[in-house]
Structure formats: C-alpha cells, structure tokens
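Scroll down for the structure; my scribbles are underneath it.
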Amino acid sequence: MGWAEAETDRANLPDARLKRRLTRVLERLSAQPTASIPAASGTWADTKAAYRLFDNDRVDAVDILDGHSRATLQRIAAEPVVLLVQDTTFLSDIRDLRGLGVGTLRVTKRAEYLLHPSVAFSESRVNLGVLGHHFWQRPQERTGRWRERCLLEEKESYRWLLGYDMACALQALNPDTLVVNVADREGDIYEWFLAGEFDEKAPDRAGYLIRAKCNRRVAPGENGSLWELLAQAPVLGQTTVSITKRPGRRARVATLHVRARTVTFHRAHRRGRNPAPVTVTAVYARESQPPAGETALEWMLLTNLPVDHFAAAQRLIGWYQARWEIELYFRILKQGCRIEDLRLETAQRLERCIAVYLIVAWRLHYLTQIARSQATAPCTQAFSPVEWQTIYVLLKQQPPPAEPPSMREIVRMLAQLGGFLARKGDGEPGPETLWRGFKVLRQSMRALEITTTVGQQA
C-alpha cells in the first residue's frame with residue numbers, strides 16, 4: 001500500500017470509486033505540489049477527475065480528511081506526548097476581473113478566507129497529521145457592539161474551544177498519551193480555562209498551554225494583575241531559546257529567567273452570566289538583558305498542568321516553542337502548495353481542494369522532520385520501493401542497493417534533486433527543496449512509465 005492509499009484507506013466516502021479517485025488526486029497533487037491542478041494531473045482525464053471530486057456535493061472536506069485523520073490517530077497512539085496545535089491563517093483570493101464585462105482596466109476583487117486547523121505534533125516536533133479544521137469567511141460588516149451582544153458560540157473565538165473539545169476527546173481515546181492543546185495569544189479565552197479544570201465530572205481533560213494576552217486581575221488577597229504577580233515570583237532557573245532571523249530582527253540566542261506559580265483570576269464579565277473564578281498555573285519566561293536595540297523576549301504561558309520544579313517549566317517552554325511548526329506548515333500550504341492561487345469559484349469547491357492540500361502539506365512537513373528525529377529508520381517507512389529506488393538511481397547513477405537506505409539518507413537525496421547542496425555545513429534540508437525534489441521525482445517516474453509501456457508494446 002502506497003502512502004496516499006494509506007492516508008485514504010479508511011475514508012468515509014459514499015463509494016469505493018470516489019475513494020480511488022481521491023487517492024489518485026492526492027498522489028498527483030503531492031508529486032507536484034507547486035504546479036497547478038491541470039499541470040499536476042498530467043492528463044485531461046485526471047484533470048477532469050480532480051475537478052469533479054471538488055465539485056461533488058456528495059463529498060465534503062471532512063470526508064476527504066477522514067482517512068488521513070484516522071491514520072493520524074494511529075500515529076498518535078504510539079507517542080507518549082502529543083502537542084495538538086491549533087492556529088488561524090488568512091487566505092487571500094485576488095481575482096483579475098478583466099474580460100468579465102468590466103472593461104479593459106485592471107479591476108480586482110479580493111476575498112479573504114480563514115483556515116483554522118488542529119495539527120498533531122510529537123514532542124520531537126514531527127507532524128503526525130491533521131485532526132480537524134474550520135474554514136470560513138467573515139461577514140462584510142461587524143462592529144464592536146456586535147461582539148458585545150452576541151453569544152460566545154457565535155464568535156470566531158468559539159473555534160478555539162471546539163479545538164480543545166477535540167483535544168479532550170483525543171485524550172479519552174489515548175489514556176496512555178499526554179495530550180496538550182497549544183495555542184498562541186488568540187487562544188487566551190476565559191471559557192477555555194474553565195473547560196480545562198480537572199474534576200470528577202471531567203477526568204479526561206486534556207492539558208492546555210496558551211500564551212497569555214490579557215493582563216487579568218488576580219483574585220482578592222493576591223493583589224495586582226497577572227504580570228505584576230509573576231514578576232515578584234522567585235526565579236526557578238535560566239534557559240536559552242534560539243531566535244531566528246526575521247525582517248528587523250537578528251538571529252540570536254536569548255537567555256530567559258523562568259518563574260512560575262498558580263494564580264486565580266477574577267470572574268470574567270459576560271453578558272447575562274457571571275463565570276466563576278478559575279485557577280491556572282502561569283510560567284513567566286523573560287529575557288533580562290537583551291542586546292542593544294532588541295526587544296526583550298517575553299512569554300507568559302498559562303496551563304492546567306502542574307509545574308512543581310524548574311524542569312517542568314522548562315519542558316513547557318519547549319512545548320510552546322514547538323508551536324512554531326504550525327507556522328512552517330502554513331508556509332508549506334501557501335508557498336509550496338500555493339492554495340491562495342486556486343480558482344475554484346465557490347467556497348465549497350475551494351474547501352474540498354484545500355482539504356486535499358492539507359494532506360499534501362502534511363507529508364512534506366512530516367518528511368522534513370522525520371528525517372531529523374528518526375534519521376536511522378528505514379526509508380520504507382515513508383517511501384514506496386519505486387520512489388526511493390528512483391531517487392537513488394537519479395542521484396547516484398547506479399543500481400539501488402538491496403537494503404533500503406535510511407530515512408535521513410533518502411530525504412537528503414530527494415532534497416538534492418531539488419537543489420539542496422548537502423555540503424558539510426549546510427545542515428538538514430527544508431521543505432522547499434523537498435517539494436522541488438518531488439517535482440523532479442514525479443517527472444522521472446512518469447518518463448519511466450512511458451518508456452516501459454512503449455517497450456512492452458514494441
């Protein structure tokens with residue numbers, strides 16, 4: 001069974017024919033993730049099959065992801081700790097309206113969609129797969145007064161609570177695995193802290209780790225606010241964090257002083273109801289002496305997990321750093337799979353197509369990380385025999401060995417097909433050279449198929 005078949009094998013689709021079509025579409029799009037749908041499909045028949053799948057009202061995006069989500073659950077069951085990271089990314093759909101009856105001037109129409117997936121990662125940052133997603137457009141006009149009047153269930157922020165419900169269901173399914181739902185500052189929602197409280201009625205609560213946004217007041221008797229209270233807590237120890245280079249920011253290693261303590265927040269103000277006070281554990285990591293001209297790195301992390309000593313706090317900081325992997329996953333979706341360039345006219349078609357690309361991007365991200373965390377594992381764990389043998393022959397110009405190479409070896413070879421130089425100081429390849437390498441691999445495999453067919457006919 002190839003990787004695409006394994007990710008669709010248990011999909012809950014209306015019939016077997018649709019499952020076979022989904023498998024083939026997934027194989028084609030993953031082989032050339034940067035190409036358009038017609039270019040990746042290769043033939044007019046495969047192009048029509050892809051568009052018919054995306055236009056089929058009997059299939060929705062959840063059905064497309066179903067088999068992959070079930071395969072993800074299998075990978076999760078083998079892990080002692082799983083970080084279920086959720087986040088939102090914006091997708092811009094900009095269309096040129098020339099030729100559509102609006103004259104010869106360049107006129108564009110801009111539509112914006114929001115995509116909010118829940119992606120599972122191992123503690124070593126390997127992408128295990130996508131368990132669910134939300135896809136929507138914002139109404140044209142909303143005001144602050146609207147937010148005051150509406151219920152939480154009507155707000156976008158409610159999707160974070162649905163993501164945490166998924167984490168709790170995952171924890172109940174895997175009692176031997178610690179499931180931790182991780183979110184950035186947008187997940188700082190009072191109702192999430194209430195939902196994460198452990199009690200007899202909710203023994204299967206998943207852990208959560210949320211970066212604080214609100215400087216909430218603490219309960220009477222503790223005086224002040226969250227930041228003030230944690231600034232007075234004793235330092236548990238120091239840890240270092242590598243900061244990557246960004247526009248306006250240099251790469252450096254930051255030394256953080258770590259503090260932690262439990263805090264109880266006052267009741268939140270909600271229209272028509274008064275939520276009870278809630279107790280959480282706060283971990284405060286701050287850079288005390290940043291370089292001149294640099295802003296101090298500062299993280300206030302809130303969790304329902306115990307932090308009894310410095311090692312526990314340090315581990316939570318490492319888990320929060322792993323949240324960055326979902327940003328890399330979004331980059332693969334947008335720059336590698338180019339989902340913002342899709343022109344499928346309706347939101348329903350677009351969501352079905354994006355569901356396929358969620359799996360394509362998962363595989364690229366998975367291979368990038370698995371080659372680092374499980375470097376000596378056999379490459380057959382992620383590549384079919386014809387894939388790794390073709391990669392080997394293309395790069396080495398000699399017959400493949402009887403024993404499959406390691407995961408790290410074959411991933412580096414694939415990246416070299418995409419332009420990775422593999423010099424001593426180059427480190428490990430990233431997803432960009434992998435998706436370029438897949439294009440070369442696909443073209444070579446296609447040429448091999450045609451040559452074999454012609455030879456048999458002759």
Side-chain angles (χ1 to χ4, degrees), residues 84-90 114 116 118 134 138 142-165 167 180-198 205-233 256-287 295-307 313 316-317 319-321 323-324 326-327:
L84 188 61
V85 182
Q86 51 175 321
D87 202 1
T88 304
T89 189
F90 292 81
L114 289 87
H116 184 103
S118 290
H134 297 282
R138 284 176 173 164
R142 280 187 175 179
T143 64
R145 290 188 176 275
W146 177 89
R147 289 187 56 81
E148 293 176 4
R149 293 195 303 268
C150 72
L151 299 173
L152 175 66
E153 290 78 4
E154 298 172 334
K155 298 179 181 179
E156 287 182 2
S157 54
Y158 187 59
R159 290 168 177 82
W160 295 91
L161 300 186
L162 294 176
Y164 182 64
D165 287 343
V180 183
N181 204 188
V182 184
D184 209 356
R185 286 174 286 194
E186 195 179 349
D188 184 358
I189 303 168
Y190 196 88
E191 284 78 3
W192 191 339
F193 306 139
L194 290 172
E197 289 192 302
F198 295 98
R205 296 290 85 187
Y208 64 72
L209 183 63
I210 304 166
R211 185 177 177 186
K213 176 179 67 176
C214 305
N215 192 16
R216 290 185 169 86
R217 293 176 301 158
V218 296
E222 295 183 334
N223 295 326
S225 60
L226 174 62
W227 259 263
E228 293 171 348
L229 195 65
L230 266 294
Q232 299 168 11
L256 308 180
H257 289 83
V258 180
R259 297 172 169 88
R261 62 160 295 172
T262 58
V263 294
T264 301
F265 294 137
H266 275 298
R267 292 186 179 92
H269 296 290
R270 295 292 184 268
R271 187 180 180 88
R273 56 194 174 91
N274 293 310
V278 63
T279 299
V280 305
T281 299
V283 176
Y284 184 39
R286 190 178 191 280
E287 187 179 18
T295 302
L297 184 66
E298 180 184 65
W299 293 337
M300 181 72 76
L301 307 178
L302 305 177
T303 183
N304 60 347
L305 300 173
V307 181
L316 290 175
I317 291 171
W319 290 349
Y320 179 72
Q321 287 180 268
R323 195 207 68 84
W324 175 253
I326 200 169
E327 304 291 351

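Scope of the values below: all heavy atoms of this structure, side chains included, with no hydrogens, waters or symmetry mates.
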Side-chain contact, heavy-atom cut-off 4.5 Å: [X] with [Y]?
{"X": "R286", "Y": "H257", "value": "no"}
{"X": "L316", "Y": "L209", "value": "yes"}
{"X": "W319", "Y": "L305", "value": "yes"}
{"X": "Y164", "Y": "R205", "value": "yes"}
{"X": "I210", "Y": "W160", "value": "no"}
{"X": "V182", "Y": "V180", "value": "yes"}
{"X": "E186", "Y": "K213", "value": "no"}
{"X": "V263", "Y": "L230", "value": "yes"}

Point to revise | Which residues share a salt bridge (charged side-chain N to carboxylate O under 4.0 Å, His left out) with E197, sequence neighbours left out | key: none
Specify the closest pair of heavy atoms between [X] and [Y], including all atoms of both residues, with the distance to one decimal.
{"X": "A206", "Y": "N304", "value": "O-ND2, 3.1 Å"}
{"X": "L226", "Y": "A212", "value": "CD2-CB, 4.1 Å"}
{"X": "G163", "Y": "S118", "value": "CA-OG, 4.3 Å"}
{"X": "A313", "Y": "V258", "value": "CB-CG1, 3.8 Å"}
{"X": "H116", "Y": "Q86", "value": "NE2-OE1, 2.8 Å"}
{"X": "T262", "Y": "T281", "value": "CG2-OG1, 3.6 Å"}

Review point. Once the angle between the rings of F265 and F193 is folded into 0 to 90°, is it parallel (under 30°), tilted (30 to 60°) or perpendicular (over 60°)?
Key: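 If you compare the ring of F265 with that of F193, the planes turn out tilted.
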Exercise for review: Can you label the angle between the W227 ring and the Y284 ring as parallel, tilted or perpendicular, going by 30° and 60°?
Suggested key: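 Rings of W227 and Y284: perpendicular, over 60°.
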Practice item. Give the intermediate values and the outcome of side chain to side chain contact (heavy atoms under 4.5 Å, CB included) for residues W192 and N181. Key: CA-CA 11 Å; W192 191 339; N181 204 188; 3.3 Å; yes
Rounded distance (nearest 0.5 Å) linking atom [atom1] of [X] with atom [atom2] of [Y]:
{"X": "L302", "Y": "Y208", "atom1": "CG", "atom2": "OH", "value": "7.0 Å"}
{"X": "E287", "Y": "W299", "atom1": "CD", "atom2": "CH2", "value": "10.5 Å"}
{"X": "E327", "Y": "D87", "atom1": "CD", "atom2": "CG", "value": "5.0 Å"}
{"X": "N215", "Y": "E228", "atom1": "CG", "atom2": "CD", "value": "6.5 Å"}

Point to revise | Of V278, D188, T264, V280, the residue whose pairing with R216 passes side chain to side chain contact (heavy atoms under 4.5 Å, CB included) | key: D188
